[in-house]
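Taking it in order: structure first as structure tokens, then the write-up.
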Amino acid sequence: MLEKIDHIGIAVKDLGQALKFYRDILGVELAGTEEVAEQKVRVAFLPVGESKIELLESTDPEGPVAKFIAARGEGIQHIAFRVRDIEEKLRQLKELGVKLIDEQPRYGAGGARIAFIHPKAAGGVLVELCQRS
Ligand code: ZN
């Protein structure tokens, strides 16, 4: 079961520049930033109600966010759904033959356990499953 939209990941070229819009113009609070080495990104967290905006700035030209921006420009890169039991969810999806990027959960920003579903299985949207506990 999906509990809620945990966050929306937005690929940006420059965190400082993006914060001028989200924080300074829209007035969303910046809760913090974190570098996630495994994903080669620096992430800024901006809570909005029960969900968050995560601004993603690449730290490596070969990283997934840099490649995304090179191919499609800045913009929404993924949507993350909160799940209670990520292993169980991945097992179900595998049984259904859904194409996954991550067969096993890995660690994402904020210590969450995450796994990506392939956009080809999700109408062109990169979907992340996210368990926090
Ligand atoms: Zn994410």
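Along the sequence shown, the residues carry numbers beginning at 1. Just so you know, ligand 1 is whichever comes first in the structure, and atom 1 is the first atom listed for that ligand. Note that this is a predicted model, so its numbers are computed, not measured.
- Environment of CD1 in I76: sparse, with no more than 12 heavy atoms of neighbouring residues, nucleotides or ligands closer than 6.0 Å.
- A salt bridge links E3 to R84: one of the charged nitrogens lies within less than 4.0 Å of a carboxylate oxygen.
- Evaluation of the side chain to side chain contact (heavy atoms under 4.5 Å, CB included) rule for A11 yields V65, F68, I69, Q77 as partners, not counting sequence neighbours.
- At least one donor-acceptor pair under 3.5 Å links the side chain of E57 to the backbone N or O of L15.
- Taking 2.8 Å as the limit, the number of protein N, O or S atoms around the Zn ion (ligand 1) is 3.
- Salt-bridge check for D102 with R106: passed, with a basic side-chain N closer than 4.0 Å to an acidic carboxylate O.
- Taking both residues in full, the closest heavy atoms of D60 and K40 are given as OD2-CE, 3.3 Å, listed atom of the first, atom of the second, then distance.
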